[in-house]
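Computed over heavy atoms, backbone and side chain alike; hydrogens, waters and symmetry mates excluded.
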Protein chains: 2
Amino acid sequence: MKRITITDVAKMCGVGVTTVSRAINNHPDINEETKSMIMQVIKDNHYIPNNSARNLKRADSKTIAVLIKGITNPFFNQMIKVFEEEIQRKKYSFFLQRVDENQDEIDVAIELEKEKRLKGIVFLGGYFSHSKEKLTQLSVPFVLSTIGMATEFTPSDYSSVSVDDLKESYKIVDYLCNQGHKKIAIIAAPMDDVSIGKLRYDGYKKALEDHGIDLDLQLVRIMKDDIESYTMENGYVVTKELLASKEDCTAIYAISDSLAIGACKAIFETGKKVPEDYSVAGFDGLDIGFYYNPSITTMRQPVKEIAEETIKVLFDLINKKISHTHKIFPAELVVRDSTKSL
Amino acid sequence: MKRITITDVAKMCGVGVTTVSRAINNHPDINEETKSMIMQVIKDNHYIPNNSARNLKRADSKTIAVLIKGITNPFFNQMIKVFEEEIQRKKYSFFLQRVDENQDEIDVAIELEKEKRLKGIVFLGGYFSHSKEKLTQLSVPFVLSTIGMATEFTPSDYSSVSVDDLKESYKIVDYLCNQGHKKIAIIAAPMDDVSIGKLRYDGYKKALEDHGIDLDLQLVRIMKDDIESYTMENGYVVTKELLASKEDCTAIYAISDSLAIGACKAIFETGKKVPEDYSVAGFDGLDIGFYYNPSITTMRQPVKEIAEETIKVLFDLINKKISHTHKIFPAELVVRDSTKSL
DNA sequence: TTGTAAGCGTTATCAA
DNA sequence: TTGATAACGCTTACAA
């Protein structure tokens, strides 16, 4: 099956390629009749323009790319939907690009920017520890969404929209303490995580401190790095170990809802109950936390608002209305059935 | 920031563009020294080739695209991982393209095929009710993965790898019947679903029939079409209605695990228990089914095997080793805690 | 081992 | 309102 090009279409119609191009791209300077004639021929012959050629020639393209690291993370599911809606509402097209766990998202972004003549980029997931020099290689506006950064980084190099992971993490641990828990284990990220993993852990430490509870390193359990991070499986394996160690604790704070669910399963398997024997709390506000039995106490991130604001900031950046900004949304403590007061 | 092209690099290096191209593409006919010199210049200046130009010029490209409809479906998560591994093992590159719920996947495929000079395509999700004429517009090999088709369709137009949805669905309902259940409700797909939704429903009907149980339309509950299909929320809402209708039943068969979990939640909310008051069974074999409380009885699809075979079939097609084939894998009945015998 | 030059399929410029 | 024609940035004969 030979490929049919714009030239072929032009010949069939007995017009020049320019005219065909005009018809395709809804240019004004074209006779309505010739246009509809051309469109008919195109339809009949199933002609589809080659995007590579278009992108090559075009100077810009009204597309926003969303780069997402860890596409399996259910937390991103709802966000993607909102991104798509918002971007299309602005009459831009939306392009979702998965980036591999061990790929550099900036490299991917630069490549894509050239290929698709992007107007803007949203980064989702990952740690995002890049040098300023690297960042400046991106010549289109970009926004980090729900990628909390340790504050030592100078925030003037990029824009972001997220919750204050440290503060919100503090809140839920604070809640646990107020319920009378003193021995609170945490399922945390490996220490090389300088992003949300570190921030949530810091919030945990600070809350304990403020309640006069000494940090017990035996209760700090790190996700396995040979299992995908933040997953149910990881929470399950880590909690099994914790339980087996006979370490004394009344509550487990998992830094994601998925981890929390894995923790619950591990608890059930040892014949114990949630929350009767152990209170379990998560973070994120995933749907499954509501459907789980018991439903999971968590900090709910306002995903919809975050996603909407991300796009708003991005377009403000594109339209040069603003310089770099950092929007922080509050999370909400959702108390459900997986925690009890002592 | 001016864009830097291959010509710029060539000038900087004092060589021709061909030589630079050779360096980039690991061509053999190039002096090692000039090559490393060029690569150094490229690195220093952060030159990144424009993919649109490459794709435009290249005749073919060793890329396989996976088009997926309903990317939020957790069932696809594991498959994607396997696809990526397998494709990279064959030294091809992997491209994941999301297709919108109301987009025509064939159109997307054709466009992409031109743009990226694809070697092959995998379709995941959706109903895939396309005419033969439409199918022939695709000029590269493709395979439908886990997209069961009603058998009236002539299978000589495409290849597929999946389970026998009708047969496996029959098995789990048969199991329920053997456990003494006679009033088995089903959470099924809308009747315009001619794919797995219909097949699984047909399996249910056949199993009941073989057990001499009359089909009770009051127990056939259809997913809401204003809620995303096959989701926990949908199962939850539908089950709430079922329960409120006071219809008599002892078991609920949901045609996906996510639906089953939603069903459980609805049951809990009315103060009833699973499996004591209602047995609940799902389909797919999602991880969450294991972690849920109670763990969910389900038909586990061998996702890894299916994904691997999909790629194998695709490459056989590409290498012209075979003509269209349809591989069927057996699913496995996994009895867990959400069902009991009467 | 290297370089020149001809496309790949579009869109944009400019003249008709 | 139309149509040549020149790019866009790259790969690849072909020639050197």
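For residues 16-41 of chain B, there are no salt bridge (charged side-chain N to carboxylate O under 4.0 Å, His left out) pairs, not counting sequence neighbours. The salt bridge (charged side-chain N to carboxylate O under 4.0 Å, His left out) pairs that include a residue from residues 75-84 of chain A are A/K81-B/E228, A/E84-B/R98, where partners are two or more places apart or lie in different chains. Applying the salt bridge (charged side-chain N to carboxylate O under 4.0 Å, His left out) test to residues at least two apart or on different chains, the pairs with a partner in residues 62-75 of chain B are B/K69-B/E105.
Within residues 30-42 of chain A, the residues having any heavy atom under 4.0 Å from DNA chain D are, by residue number, A/I30, A/N31, A/T34.
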B/S/- along nucleotides 8-16 of chain C (protein heavy atoms under 4.0 Å) is BBBBBB---
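Rounding to whole angstrom units, NZ of residue A/K11 and P of D/dG3 are separated by 14 Å. Rounded to an integer number of Å, the gap from CG of B/N26 to C1' of D/dT11 is 15 Å.
By the ring-ring contact (aromatic ring centres under 6.0 Å, His included) test, B/F76 pairs with no residue at all, sequence neighbours left out. Every side-chain contact (heavy atoms from CB on, under 4.5 Å) that B/N51 has, sequence neighbours left out, goes to A/E111, A/E115, B/R54, B/N55. Listed by chain and residue number, nothing satisfies the side-chain hydrogen bond (donor to acceptor under 3.5 Å, both in side chains) test with A/D192 (two or more places apart in sequence, or in another chain). Remark: B/A53 engages A/L56, B/N50 in a side-chain contact (heavy atoms from CB on, under 4.5 Å) (not counting sequence neighbours). A/S162 is linked by a side-chain contact (heavy atoms from CB on, under 4.5 Å) to A/I328, counting only residues two or more places apart in sequence or in another chain. By the side-chain contact (heavy atoms from CB on, under 4.5 Å) test, B/V17 is found to be paired with B/I6, B/T7, B/A10, residues two or more places apart in sequence or in another chain being considered.
The bend of the helix from C/dT1-D/dA16 to C/dA16-D/dT1, defined by the angle between the axes of its first five and last five pairs, stands at 30° to the nearest 10°.
Within the structure, a side-chain polar atom (N or O) of B/T19 is placed less than 4.0 Å from OP1 or OP2 of C/dG3.
Taking 4.0 Å as the cut-off between side-chain N and carboxylate O, A/K304 and A/E308 count as a salt-bridged pair.
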